[in-house]
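Remarks on the structure that follows.
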Amino acid sequence: MPATPAENIRLRSALDALPAYVPGKPAADDGVRRFKVSSNESPFEPLPQVVEAVNRATLHANLYPDMGALDLREAIADHHSTSRRAVGPENIALSTGSVAVSGDLVRALVDPGDEVVFAWRSFEAYPILVRSHGGVDVQVPLTPAFEHDLPAMAEAITERTRLVILCTPNNPTGPALTTAQIEDFLARVPDHVVVALDEAYREFVDPVRLADTARLFAEHGNVVLLRTFSKMQGIAGLRVGYAVAHPRLAAALGQVTVPFGASSIAQAAALATFEPDAAAELEHRAAWIREQRGRLEQVLAAQGWELPVSQGNFVYFPLGERSAEFAAFADARGLVVRAYGTDGVRVTVGEREANDLLLSIAQEWREAQEG
Ligand SMILES: *Cc1c(COP(=O)(O)O)cnc(C)c1O
């Protein structure tokens, strides 16, 4: 015990009410071979171009990264530019994953007591980010189809609202919003309220269903897009994500973000994902995930499951009170899944073997219910 006890430190009272971020469970080390499909990670190893870029960047790890991360921000801006609409580096704000960028948004917009509206159940980081920065989270229940209830979310906006987060596709339930749905919603939001579209899973959306969020961004000064390199690009362990925002907001994000957040290694890796061969291979991998998701949904439906239509790299079983039981059932059979209290269970689309195992577990569960 130190002479001055740490018990006397005055922690912020907000911490008492903070839900813990529960990471996807690691696979237990008890001899059973398990697949970890609890964190929406990519089942693919990093691309060789990424590994090479990381190795090269490591040689200069004694140096701080480029503070402005200009090369990467330019590459990201090019990626978001079309012949009709230019996006420049002044539109890009980076940090250590898009979770961190979401936190930057809260810090840039929310004074103590200001409100942030989002759907629930959605990404479990949102309440933590909002409350830990002194904001008030306003959670609007999903519809019975596990989709955002946009009319109710519009109703929930008050004088104190500074930010609305739409998670599309929604983690953990899967449905994605259409361009028209978002556009109708934006028409009901005062223009001083920022609307963040968290598109962490955008690359897994069926191409015919992709919302034209680039146009919505271009037309609405209060729209910001949140993107990550963790999911489709598969470098979750390196921690890099970004916002596409109008310059005034992008600059504000730059003011509040951790200096030198995205490491030089993360920046180099992210940059490598834009090399044409790398980008083509990533697109190929995303198409494979979409195809596997389609296969899972088809077989699960034939087994009698009624699941929300997922546009992410995961499927959601709305098992209610039986969620924990299903998770234990799957775990005992070699599949580590993610249970959300008494709401449901999310399972990541993984390697083929993991997906096959999910199908056999899901079938066995149903037979046990019927038997
Ligand atoms: C995984 C995920 C992110 C991305 O997190 P990173 O911090 O970039 O790894 C953001 N939003 C949602 C909804 C996610 O599921």
Side-chain angles (χ1 to χ4, degrees), residues 19 21-24 36-43 46 50 69 72 76 92-107 116-130 132 137 139 142 146-148 163-177 195-205 211 213 224-245 253 257-258 261-263 265-267 269-270 273 282 286 289 293 308 310-316 337-338 340 343-344 346-350:
Y21 187 97
V22 184
K36 178 175 181 276
V37 283
S38 53
S39 295
N40 289 351
E41 290 153 334
S42 172
V50 167
L72 178 56
I76 293 169
I92 309 301
L94 277 183
S95 193
T96 58
S98 67
V99 171
V101 182
S102 310
D104 291 343
L105 267 180
V106 175
R107 286 194 287 172
V116 179
V117 174
F118 50 84
W120 200 253
R121 183 154 300 256
S122 189
F123 189 29
E124 68 176 307
Y126 299 152
I128 302 172
L129 295 172
V130 173
S132 65
D137 53 320
Q139 306 185 359
L142 297 171
F146 305 98
E147 297 174 2
H148 282 54
L163 173 64
V164 179
I165 308 175
L166 304 181
C167 186
T168 177
N170 188 50
N171 173 14
T173 60
L177 297 166
V195 178
L197 305 178
D198 186 341
E199 300 189 282
Y201 300 97
R202 181 178 171 88
E203 294 89 347
F204 303 113
V205 175
T213 54
V224 40
L225 312 179
L226 296 172
R227 298 290 192 88
T228 178
F229 289 92
S230 296
K231 305 287 157 60
M232 181 258 214
Q233 288 85 351
I235 51 172
L238 290 173
R239 315 301 306 126
V240 54
Y242 62 93
V244 185
L253 293 172
T257 199
V258 174
S263 73
I265 293 168
Q267 289 183 35
T273 65
L282 288 171
I289 297 282
R293 179 186 68 215
S310 176
Q311 293 294 305
N313 65 339
F314 52 86
V315 290
Y316 183 74
V337 302
R338 175 77 152 265
Y340 291 92
D343 285 355
R346 188 194 69 193
V347 185
T348 307
V349 178

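Residue indices begin at 1 and follow the sequence shown. In listed order, ligands and their atoms are each counted from 1.
- Minimum interatomic distance between Asn171 and Asn40 (heavy atoms only, all atoms of both residues): OD1-ND2, 4.0 Å.
- In this structure, of Asp198, Val101, Thr168, the residue bringing a heavy atom nearest to atom 13 (C) of ligand 1 is Asp198.
- Side chains of Leu282 and Gln233 form a contact here, defined as non-hydrogen atoms less than 4.5 Å apart.
- The nearest heavy-atom contact from the protein to atom 5 (O) of ligand 1 is Val99 CG2, 3.5 Å.
- The atoms of ligand 1 that sit less than 4.0 Å from any heavy atom of Lys231 are 1 (C), 2 (C), 3 (C), 4 (C), 14 (C), 15 (O).
- Taking a 4.0 Å cut-off on heavy atoms, Gly241 fails to register as neighbouring ligand 1.
- Every atom of ligand 1 with a heavy atom of Cys167 under 4.0 Å away is listed here by number and element: 13 (C).
- Within ligand 1, the atoms closer than 4.0 Å to a non-hydrogen atom of Asn171 are 13 (C), 14 (C), 15 (O), numbered from 1 in the order shown.
- Taking every heavy atom of Thr228 and a limit of under 4.0 angstrom, the matching atoms of ligand 1 come to 4 (C), 6 (P), 8 (O), 9 (O).
- Where the criterion is an N or O separation shorter than 3.5 Å, residue side chain and backbone included, Ala100 fails it with respect to ligand 1.
- Side-chain contact check for Leu72 versus Val240: some heavy-atom pair is nearer than 4.5 Å.
- Of all heavy-atom pairs between Phe146 and Pro308, the closest is CD1-CG, 3.9 Å.
- Closest approach of Arg338 and Ser38 over heavy atoms only: NH1-O, 2.8 Å.
- Ring-plane geometry between Tyr242 and Phe229 is classed as tilted, the angle between the planes lying from 30 to 60 degrees on a 0 to 90 degree scale.
- Counting heavy atoms from C-beta outward, Leu94 and Val101 have side chains that stay 4.5 Å or more apart.
- For Thr96, no nitrogen or oxygen atom sits less than 3.5 Å from a nitrogen or oxygen atom of ligand 1, counting backbone and side chain alike.
- When every heavy atom of Ser122 is checked against every heavy atom of Asn170, the shortest pair comes out as OG-OD1, 2.7 Å.
- Below 4.0 Å from some heavy atom of Arg239 lie the following atoms of ligand 1, by number and element: 6 (P), 7 (O), 9 (O).
- Residue, atom and distance of the protein heavy atom nearest to atom 10 (C) of ligand 1 are Ser98 OG, 3.2 Å.
- Residue contact annotation: Tyr201 has a non-hydrogen atom under 4.0 Å from ligand 1.
- Taking every non-hydrogen atom of Ala200 and a distance limit under 4.0 Å, the qualifying atoms of ligand 1 come out as 2 (C), 3 (C), 10 (C), 11 (N), 12 (C), 14 (C).
- Heavy-atom proximity to Ser230, at under 4.0 Å, picks out these atoms of ligand 1: 6 (P), 8 (O), 9 (O).
- Closest heavy-atom contact between Glu203 and Ala286: O-CB, 3.8 Å.
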